[in-house]
There are 2 protein chains.
Amino acid sequence: MGPPAQERARDSLGSLVLQLHTLGGVASRAELTERLGCGRSAMGYLLGELRSRGLVSIDPAGGRTSSADGGRPSHSVLVADDAPTVVAAQLGVDSVTVARVGLGGKVHARVERSLRTRDTTDALDTLSELITELTAPKVLGVGLAVPSPVRRTDGYAAAALHLGWRGVPLRELLLERLPLPLALGNDANLAAMAEYRHGAGKGATQLLYLMTGHVGLGGAVVSEGRLFLGARGYAMEPGHLTVDPAGAPCPCGSTGCLEVEADHRGLLRAAGRTDHALHDVPEAVEEVFKEAVAGDPRCGAALDQAARHLGNGLASLINLADADRIVLGGTLGRLYSLRSRLVDERVTGRSFLNDGGEIPVLPGALPDSVLLGAAELALQPLLDDPKRVLDGLAR
Amino acid sequence: MGPPAQERARDSLGSLVLQLHTLGGVASRAELTERLGCGRSAMGYLLGELRSRGLVSIDPAGGRTSSADGGRPSHSVLVADDAPTVVAAQLGVDSVTVARVGLGGKVHARVERSLRTRDTTDALDTLSELITELTAPKVLGVGLAVPSPVRRTDGYAAAALHLGWRGVPLRELLLERLPLPLALGNDANLAAMAEYRHGAGKGATQLLYLMTGHVGLGGAVVSEGRLFLGARGYAMEPGHLTVDPAGAPCPCGSTGCLEVEADHRGLLRAAGRTDHALHDVPEAVEEVFKEAVAGDPRCGAALDQAARHLGNGLASLINLADADRIVLGGTLGRLYSLRSRLVDERVTGRSFLNDGGEIPVLPGALPDSVLLGAAELALQPLLDDPKRVLDGLAR
DNA sequence: CCAGTTTGTGCAGTAGCTGTACAAACTTAG
DNA sequence: CTAAGTTTGTACAGCTACTGCACAAACTGG
């Protein structure tokens with residue numbers, strides 16, 4: 001179809017693995033050749049390298065989909081059954097989720113456990129326990145998504161405010177318990193990457209992603225296939241963008257931050273439901289959505305207000321990021337599905353450079369985007385340099 | 001010194017040319033070898049390629065600076081005298097500047113001409129006239145800086161508002177007059193690139209740049225050596241960030257935009273000097289600065305206010321871009337030199353993730369940053385693929 | 001003058017391709 | 001059922017852009 005000018009890994013072998021990955025782990029050889037823009041003979045060489053290392057297998061009688069009108073049918077390339085996998089983990093406010101994920105985004109196993117306490121040690125113990133449980137032979141590494149900005153150099157979790165931590169050397173603490181390669185990332189960043197590679201962000205050149213998790217509002221930009229991380233890894237934290245100077249006070253010291261107006265706190269406050277324990281929040285939000293759909297005026301108005309604030313926040317961000325696609329994850333995606341007009345009103349034309357088409361806004365397409373994003377993080381070394389990773393595994 | 005993990009061109013030959021360029025066109029062979037991270041023997045091969053194409057020359061008895069304690073002294077690598085050059089042009093509100101620039105950033109010739117009318121055709125005629133005048137043999141191409149967002153795909157100038165144009169296919173119009181490769185860019189973007197490669201932004205991993213020209217306020221982010229352009233090329237237009245909801249009305253429809261509060265209009269308005277023809281603005285601004293330094297309270301207060309607005313704008317941007325350096329160009333640089341405390345007050349600690357050092361704010365270090373940036377744009381193909389460009393020239 | 005150090009160079013070897021020629025596997029026309 | 005036409009995989013030669021090694025060159029200090 002279109003030209004494959006999306007993203008380029010360091011070498012061809014890497015881009016090949018990436019293409020196979022974004023295509024879900026199965027693709028016809030001809031399709032891969034076209035996407036890489038190389039000759040058939042180079043593809044033969046590259047597939048030979050991958051096959052000899054056990055990453056892919058080839059089924060000569062695979063893709064008999066036959067869109068072609070004549071000609072020899074192309075072989076199917078698929079991720080090998082016994083190909084290496086990674087472990088993806090998500091640290092939430094009151095739960096931990098871990099999964100084993102293969103190239104192509106296939107989830108081989110998935111465990112979730114709720115945290116009874118909000119103690120750091122408890123969370124770390126549960127995490128390492130589940131990770132160890134899911135670790136199998138040929139696991140390349142672990143990716144962990146955290147609801148906090150994460151320093152790119154060393155995996156320091158700068159401010160997991162909602163977990164009550166004020167800065168934790170998370171990677172270091174976990175490495176004491178786990179003898180595996182471990183990479184950490186911010187949950188919104190990783191979810192954005194997952195949506196970019198497998199979900200609603202596919203094919204965008206500049207993807208702007210916003211999501212709300214349990215508490216707080218995170219964001220990310222994927223620019224030409226790569227996360228826009230910033231110098232330290234703290235870029236694109238839109239939670240404290242001011243959307244209403246006369247709005248509610250925010251723990252950060254300012255007032256009317258996007259985060260306190262459009263996340264779960266904002267919704268519940270606008271709906272007049274503030275008497276919830278923290279772990280009941282998802283249920284309370286669920287209730288507000290249900291009653292709004294059922295016709296409750298106060299809950300409906302709460303959605304209206306959150307949607308307007310979200311639209312205003314997006315309007316500010318659009319001119320800075322110049323996105324060609326916007327994806328909304330978590331509760332924001334649901335909010336948008338119900339109140340798209342209120343959001344669009346503020347996005348449309350607010351981009352002060354209106355040179356043609358509008359910017360499409362979409363709800364996230366992946367149910368487990370954060371967890372999948374953690375897998376993307378762990379898979380990254382394989383995409384960057386497949387040979388080194390695969391050969392290193394053998395040793 | 002530090003690891004050379006700054007930026008990577010597509011191939012080694014490109015990075016070599018880039019290194020030589022950022023080092024000002026002269027470097028010791030040993031230094032280049034270290035920065036590229038390759039062996040001495042590869043450097044020999046690479047330099048051979050460049051020398052055979054006439055781009056560099058080598059002086060065996062060059063850098064007798066001798067920091068070393070013993071050992072054979074390294075040869076000097078320098079841009080050849082007859083190496084190809086580029087033509088850089090800057091389209092201003094009431095003037096046009098054109099220069100011939102060589103690798104390393106050396107300006108060989110420079111012409112400036114003021115525009116009497118504000119007619120598009122007049123500007124284009126003057127531009128192509130001066131460019132033709134400065135075009136010499138072995139000119140690789142032309143780079144043009146425009147005070148407007150420029151669409152990356154085709155050089156369409158989306159909104160040179162201050163020139164009275166509402167969208168002009170500028171590249172197309174100029175190509176009718178000039179038979180040369182022509183690349184267009186936004187002036188602030190290009191200035192940022194110049195500061196990154198040759199000025200106050202050197203070595204930053206995430207550079208946030210803001211500047212004011214004649215009218216308006218532009219910005220850019222250089223992220224790991226590359227401009228953050230966005231999907232269309234309109235990213236990082238911070239002019240219409242709201243810094244004072246109760247502020248002055250902006251032509252964009254909003255109020256209190258950073259642009260109308262901190263650019264020349266804002267300064268003159270705050271100083272009570274609004275009766276100026278457009279081309280007198282620089283002189284009027286000059287006056288305000290002079291009188292403020294001399295002690296005039298109203299002019300001083302005008303600087304104070306602009307500095308505060310600038311600081312607030314920066315505070316919003318810092319959390320989004322996660323810059324490790326901020327450079328202020330044009331009048332903003334001067335404003336900062338005089339009112340750094342008022343700006344710093346708002347920048348310091350406003351980055352809600354205060355994990356250590358503050359972010360350095362610096363005034364721009366290049367007197368002709370926009371023009372030099374236009375040269376960077378024209379040189380880019382040479383940095384991306386030196387062989388193809390140099391061989392193509394011969395044909 | 002000699003050891004010690006850093007640097008340029010020649011040469012063999014390798015990785016990662018490209019291009020060409022050809023055989024294989026299909027479709028449709030006759 | 002065969003022949004022509006089309007697209008695809010593969011073998012092989014060749015090239016580019018390096019890396020590594022051995023060695024010579026150019027300095028310093030003793």
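As a basis for the values below, the full set of heavy atoms in this structure was taken, side chains included, without hydrogen atoms, waters or symmetry mates. Keep in mind the model is a prediction, meaning the values are calculated, not measured.
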Q: Applying side chain to side chain donor-acceptor pair (under 3.5 Å) between B:Arg232 and each of A:Asp322, A:Asp324, A:Thr205, report the one that passes.
A: A:Asp322

(Q) Check this one for me: any side-chain N or O of B:Arg29 less than 4.0 Å away from OP1 or OP2 of C:dG8? (A)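 B:Arg29 to C:dG8 OP1/OP2: side-chain N or O found under 4.0 Å.
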
Q: May I ask you to verify if any side-chain N or O of A:Arg51 is less than 4.0 angstrom from the OP1 or OP2 atom of D:dG9?
A: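 Checking D:dG9 against A:Arg51, no side-chain N or O comes under 4.0 Å of OP1 or OP2.
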
Q: Find out whether B:Met43 and B:Leu16 are in side-chain contact, i.e. whether some heavy atom of one side chain is under 4.5 Å from a heavy atom of the other.
A: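 The answer is yes, as the side chains (C-beta and beyond) meet within the 4.5 Å cut-off.
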
(Q) Within the structure provided, determine whether B:Leu46 and B:Leu36 are in side-chain contact (heavy-atom separation under 4.5 Å). (A)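 Contact flag for B:Leu46/B:Leu36 side chains = yes.
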
Q) Rounded to the nearest Å, what distance is computed from the NE2 atom of residue A:His75 to the C1' atom of nucleotide C:dC26? A) 11 Å

Q) Atom CZ of B:Arg72 and atom C1' of C:dA3: how far apart are they, to the nearest Å? A)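 My rounded result for the distance is 18 Å.
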
Q) Pairs in or reaching into residues 12-32 of chain A: which pass ring pair (Phe, Tyr, Trp, His ring centres under 6.0 Å), with residues at least two apart or in two chains? A)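 For residues 12-32 of chain A, and leaving out neighbouring residues, the ring pair (Phe, Tyr, Trp, His ring centres under 6.0 Å) pairs sorted by first residue read A:His21-A:His198.
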
(Q) So if I define the base as every atom that isn't primed, P, OP1 or OP2, how would nucleotides 18-23 of chain D read as a B/S/- string at a heavy-atom cutoff under 4.0 Å? (A) SBBB--

Q: Would you please name every residue forming a salt bridge (Lys or Arg N to Asp or Glu O under 4.0 Å) with A:Arg53, sequence neighbours left out?
A: A:Glu49, A:Asp391

Q) Would you say A:Lys138 has more than 12 foreign heavy atoms packed within less than 6.0 Å of its NZ? A)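 Yes, NZ of A:Lys138 has more than 12 neighbouring heavy atoms, counting only those of other groups under 6.0 Å.
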
**Q.** Nucleotide nearest B:Pro73 when distance is taken to its side chain, options D:dC27, C:dA25, C:dT9
**A.**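 For B:Pro73, the side-chain atoms sit closest to D:dC27.
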
